[in-house]
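Hydrogens, waters and symmetry mates are skipped; everything else that's a heavy atom, side chains included, is used. On a predicted model such as this, the values are computed, not experimentally measured, just so you know.
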Amino acid sequence: MESGKKTLMGMTLAELTATAKELGMPGFVGKQMAGWLYGKHVAEVGDMANISKANRARLDECCAVGAMPPAERMESVDGTVKYLFPTASGKFVETVFIPDGERATLCVSSQVGCKMNCLFCQTGKQGFEGNLAAADILNQVYSLPERDRLTNIVFMGQGEPMDNLDSVLRATEVLTADYGWAWSPRRITVSSVGIKNKLKRFLDESQCHVAISLHSPIPAQRRQLMPAEGQMGIREVVELLRQYDFSGQRRVSFEYIVFGGVNDSMLHARETVKLLRGLECRVNLIRFHQIPGVDLHGADDAKMEELRDYLTAHGVFTTIRASRGQDIFAACGLLSTAHKAKEAE
């Protein structure tokens, strides 16, 4: 990002229009900029061909698109691709492209590092280094080589989206607005551990799907795995969700990483059913990707199938998520941690 210039990517139509007027241009130039940014994904202001040459020169003096290509790329044998994207602040975040038949999902990050410090998460071990601006979030889509293949986006990469809610809401607005990417909000899922007040605001202001990190239905154990349980407990999260309608197109799901001998018993299955009874939702059981220095291990396939079958038989629709990219630093945070270590050498 060029020093001192205003970043256009991430601006709403109103902000693009205001920027045009501030520079003495007609207001409709804002709509033209939106078309070039979010419709044609130009790399430079100079590429905005239907804006007059004089106005492009004026724009170029003080504004830049803000697109930055990935710094690293690693491809798995299963086709999953992990990218390391630079941010405007000089940091790096991970983005994962996951092709699956006719579907192609992008897992984007919302923060550099994370404050939540979940026991099983490599990103949490990095500590918190800053929020991403909406431009940094959108650049993970904008500058993705496979961008035109995408069918879904999930905010499940590095960081807690609700802890950077303003940028996440701005990014999802641009992704779903008519002047932006014009995606249906049903193609976007935003995850959360559950942040008091922030989760409610997201549910009120967005129509995107929501995914809650569950990992244990037992509050005391969940707090050991996820310190955020102490700020907004899972029971409080579920009670909040019960106030919203998920019987239509908008969905709520629960992410449940299964650790062998920790949260994979029939007690956990029964408590999960009790916790979620009557809530229109699904549970995604996830295999654990080992990270350094953490004494947790994945459950075997038989145990995961047992959990899935019990939950489904008791009215909680449950799937086992396929593991992807295990040969390319599969767990969130491993690639960026390796990059930081390499830079420090």
Side-chain angles (χ1 to χ4, degrees), residues 114 116-121 124 154-156 160-163 165 189-204 206 208-288 296-321:
C114 186
M116 300 302 110
N117 197 27
C118 296
L119 177 62
F120 47 84
C121 179
V154 295
F155 284 71
M156 295 183 184
E160 163 56 49
M162 301 301 153
D163 194 39
L165 185 55
T189 301
V190 180
S191 70
S192 180
V193 299
I195 304 287
K196 200 180 290 285
N197 301 324
K198 300 289 186 71
L199 179 57
K200 183 179 190 307
R201 184 181 157 206
F202 174 79
L203 291 167
D204 289 340
S206 171
C208 296
H209 299 315
V210 64
I212 300 298
S213 299
L214 175 56
H215 310 314
S216 176
I218 301 168
Q221 184 183 50
R222 187 171 184 263
R223 187 168 184 169
Q224 291 177 338
L225 295 169
M226 306 169 61
E229 167 71 23
Q231 302 301 314
M232 187 180 190
I234 191 59
R235 291 172 182 167
E236 187 179 351
V237 170
V238 172
E239 284 310 306
L240 173 64
L241 293 169
R242 290 187 189 281
Q243 299 172 28
Y244 295 83
D245 181 13
F246 295 104
S247 62
Q249 290 185 304
R250 191 186 195 188
R251 292 197 312 265
V252 60
S253 58
F254 291 85
E255 309 296 292
Y256 195 117
I257 299 175
V258 188
F259 308 108
V262 175
N263 62 350
D264 59 350
S265 71
M266 279 298 102
L267 169 64
H268 292 90
R270 289 192 295 271
E271 289 298 317
T272 299
V273 170
K274 190 186 303 183
L275 175 71
L276 302 181
R277 184 174 287 126
L279 179 66
E280 192 75 31
C281 66
R282 70 167 60 193
V283 171
N284 295 315
L285 300 179
I286 303 167
R287 292 177 174 84
F288 177 54
L296 290 169
H297 307 278
D300 61 34
D301 288 350
K303 182 62 73 172
M304 294 191 70
E305 290 167 9
E306 183 181 31
L307 285 173
R308 178 199 61 196
D309 294 347
Y310 182 92
L311 292 173
T312 299
H314 289 79
V316 180
F317 178 64
T318 303
T319 62
I320 297 173
R321 184 178 294 163

Do any pairs count as a salt bridge (charged side-chain N to carboxylate O under 4.0 Å, His left out) and have a residue in residues 275-287, sequence neighbours left out, and if so which ones? Arg287-Asp301
Salt bridge (charged side-chain N to carboxylate O under 4.0 Å, His left out) partners of residues 194-203, not counting sequence neighbours, each pair once: Asp166-Arg201, Lys196-Glu236, Lys200-Asp204, Arg201-Glu205
Can you name the residues that form a side chain to side chain contact (heavy atoms under 4.5 Å, CB included) with Lys303, not counting sequence neighbours? Asp264, Ala299, Asp300, Glu306
I want to check something: taking the side chain as every heavy atom from C-beta on, are Met232 and Leu240 in contact at a cut-off of under 4.5 Å? yes
Contacts satisfying ring-ring contact (aromatic ring centres under 6.0 Å, His included) that involve residues 212-243 (not counting sequence neighbours) are Phe120-His215
Mind telling me whether Tyr244 and Phe246 have parallel, tilted or perpendicular rings, with 30° and 60° as the class edges? tilted
Examine distances only and state if a side-chain atom of Tyr256 and a backbone atom of Asn263 form a donor-acceptor pair shorter than 3.5 Å. yes
With His297 via ring-ring contact (aromatic ring centres under 6.0 Å, His included) - residues at least two apart: none
Quick one: side chains of residues 267-275, donor-acceptor pairs under 3.5 Å with protein atoms, not counting sequence neighbours, listed by atom name and distance.
unit_1	atom_1	unit_2	atom_2	d
His268	ND1	Ser265	OG	2.7
His268	NE2	Gln221	OE1	2.7
His268	NE2	Val262	O	3.3
Glu271	OE2	Lys274	NZ	3.2
Thr272	OG1	His268	O	2.8

All side-chain hydrogen bond (donor to acceptor under 3.5 Å, both in side chains) counterparts of Arg250, not counting sequence neighbours: none
Which residues satisfy the side chain to side chain contact (heavy atoms under 4.5 Å, CB included) test with Thr189, sequence neighbours excluded? Val154, Met156, His209, Ala211
With sequence neighbours left out, the residues meeting salt bridge (Lys or Arg N to Asp or Glu O under 4.0 Å) with Glu305 are none
Using modelled atom types only, decide if a donor and an acceptor are shared between the side chain of Ser206 and the backbone of Phe202 within a distance under 3.5 Å. no
Selection residues 213-231 - residue pairs positive for salt bridge (charged side-chain N to carboxylate O under 4.0 Å, His left out), sequence neighbours left out: Arg222-Glu229
Check: Phe155 main-chain N/O paired with Ser191 side-chain donor or acceptor under 3.5 Å: yes
Considering residues at least two apart in sequence or located in another chain, which fulfil the salt bridge (Lys or Arg N to Asp or Glu O under 4.0 Å) criterion with Arg251? none
What are the two closest non-hydrogen atoms of Glu160 and Val193, and how far apart are they? OE1-N, 2.9 Å
